[in-house]
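Each chain gets a letter, A, B and so on, in the order its sequence line appears, and its residues count up from 1. All figures in this text were calculated on a predicted structure; none of them were measured in a lab.
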Protein chains: 2
Amino acid sequence: MVDKTLRDILQAHGLKATFQRLSILEYLMTHETHPTAEMIHADLSNISLATIYNTLDKLVDVGIIIVIDTLKDDKRHYDYYGEPHYHIINSNTNEIIDADNFDVAPLFEAARQVSGLNITGFHIEIYGVEADQAK
Amino acid sequence: MVDKTLRDILQAHGLKATFQRLSILEYLMTHETHPTAEMIHADLSNISLATIYNTLDKLVDVGIIIVIDTLKDDKRHYDYYGEPHYHIINSNTNEIIDADNFDVAPLFEAARQVSGLNITGFHIEIYGVEADQAK
DNA sequence: TCCCTCTTTTAGAATTATTCTAATTTAGTT
DNA sequence: AACTAAATTAGAATAATTCTAAAAGAGGGA
């Protein structure tokens with residue numbers, strides 16, 4: 001049934017449900033680690049690195065996952081994006097916290113007013129430091 | 001006097017005011033193109049590419065400029081960040097629009113509540129498509 | 001169920017943006 | 001004017017990501 005759900009998610013986005021895609025999607029849905037391609041490859045070592053990259057690209061294209069590439073390590077991190085959310089990044093540790101306690105509707109409206117575009121998505125990263133070393 | 005202001009900006013952030021840094025900072029302040037290191041190097045060809053990268057890193061570190069690396073071209077784009085603002089990205093054209101008609105204070109407060117961190121900055125990118133091709 | 005076709009996967013090579021190195025120059029101070 | 005730590009530089013090195021072209025697999029139709 002997990003498998004069924006995963007198939008449904010892929011097919012709803014027009015992607016064939018291959019073993020590799022099911023594995024990678026499940027991995028992203030069950031890990032809160034915001035992994036890189038290499039990290040996924042280390043755990044799913046029976047899937048080639050090229051396929052990891054190909055699949056991640058596809059999942060990003062259809063909007064199932066998103067990329068975080070603002071970390072200091074210069075690698076792309078991936079995040080399952082079932083529910084839209086924003087990220088809080090601890091600049092001391094590079095830890096990424098998922099959060100959704102903010103309504104983006106007013107921001108969308110502001111962006112629409114400025115640009116005239118139909119808004120399709122967002123990426124928000126908030127940076128912070130541990131409170132006792134703020135200054 | 002422009003030069004004076006540029007020196008002041010650099011020195012206020014603890015950076016020596018070299019010819020190269022003055023040139024690159026002025027370039028970023030006077031171009032709305034959100035250029036890459038290569039684009040800057042193409043225009044300021046008397047400055048070595050290594051120095052362009054070094055200088056951009058320094059300017060990012062002290063917060064004078066920010067990086068946009070969510071574009072499809074897989075290159076880092078840089079943006080003078082004199083006044084905090086957010087970005088609206090036209091997914092059809094990759095055009096980046098600077099906007100500031102949104103108060104981030106409530107978002108900062110939400111992030112502080114979730115994380116307990118002292119919030120130091122933000123990165124917001126809103127994606128959109130031209131209205132007549134939204135669906 | 002069994003083809004058929006188009007898509008996906010794969011290993012390894014290739015690419016290229018960015019970083020590193022070590023030598024030279026420079027900014028800012030004494 | 002001299003000093004010293006910091007900055008610049010050319011070119012080599014790195015490594016994340018992309019490409020290639022051959023093999024395997026998914027899913028629809030008969």
### Side-chain donor or acceptor of B:Thr120 paired with backbone N/O of A:Tyr127 under 3.5 Å
yes

Nearest to side-chain heavy atoms of [X], which nucleotide of [options]:
{"X": "B:Ser48", "options": "C:dT10, D:dT9, C:dT18", "answer": "D:dT9"}
{"X": "B:Ala50", "options": "D:dG11, D:dT17, C:dG12", "answer": "D:dG11"}
{"X": "A:Asp74", "options": "D:dA16, C:dT18, C:dA27", "answer": "C:dT18"}
{"X": "B:Arg7", "options": "C:dG28, C:dT8, C:dT10", "answer": "C:dG28"}
{"X": "A:Lys58", "options": "C:dT8, C:dA27, D:dG11", "answer": "C:dT8"}

Do [X] and [Y] get their side chains close enough for a donor-acceptor pair, meaning under 3.5 Å?
{"X": "A:Gln20", "Y": "A:Thr51", "result": "no"}
{"X": "B:His85", "Y": "B:Asp79", "result": "yes"}
{"X": "B:His87", "Y": "B:Asp98", "result": "yes"}

### Closest-nucleotide ordering on DNA chain C, the 5'-leading residue of B:Ala37 and B:Phe19
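Residue closer to the 5' terminus by nearest nucleotide: B:Ala37.
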
Separation of [X] atom [atom1] from [N] atom [atom2], in whole Å?
{"X": "A:Leu49", "N": "C:dA14", "atom1": "CG", "atom2": "P", "value": "17 Å"}
{"X": "A:Leu56", "N": "D:dT18", "atom1": "CG", "atom2": "P", "value": "10 Å"}
{"X": "A:His13", "N": "C:dT8", "atom1": "NE2", "atom2": "P", "value": "15 Å"}
{"X": "B:Leu15", "N": "D:dT8", "atom1": "CG", "atom2": "C1'", "value": "15 Å"}
{"X": "A:Ile47", "N": "C:dG12", "atom1": "CD1", "atom2": "P", "value": "17 Å"}

Does [X] have a side-chain nitrogen or oxygen under 4.0 Å from the phosphate oxygens OP1 or OP2 of [N]?
{"X": "A:Thr51", "N": "C:dT8", "result": "no"}
{"X": "A:Tyr53", "N": "D:dT17", "result": "yes"}
{"X": "A:Arg21", "N": "D:dA26", "result": "no"}
{"X": "B:Thr18", "N": "D:dT8", "result": "yes"}
{"X": "B:Gln20", "N": "D:dT9", "result": "yes"}
{"X": "A:Arg76", "N": "D:dA15", "result": "no"}

At under 4.0 Å between heavy atoms, what does [X] touch on the DNA or RNA strands: base, sugar-phosphate, or nothing?
{"X": "A:Asp73", "result": "nothing"}
{"X": "A:Asp69", "result": "nothing"}
{"X": "A:Lys16", "result": "base"}

### Test item: B:Leu44 and B:Glu26 side chains (from C-beta on) under 4.5 Å apart, heavy atoms
no

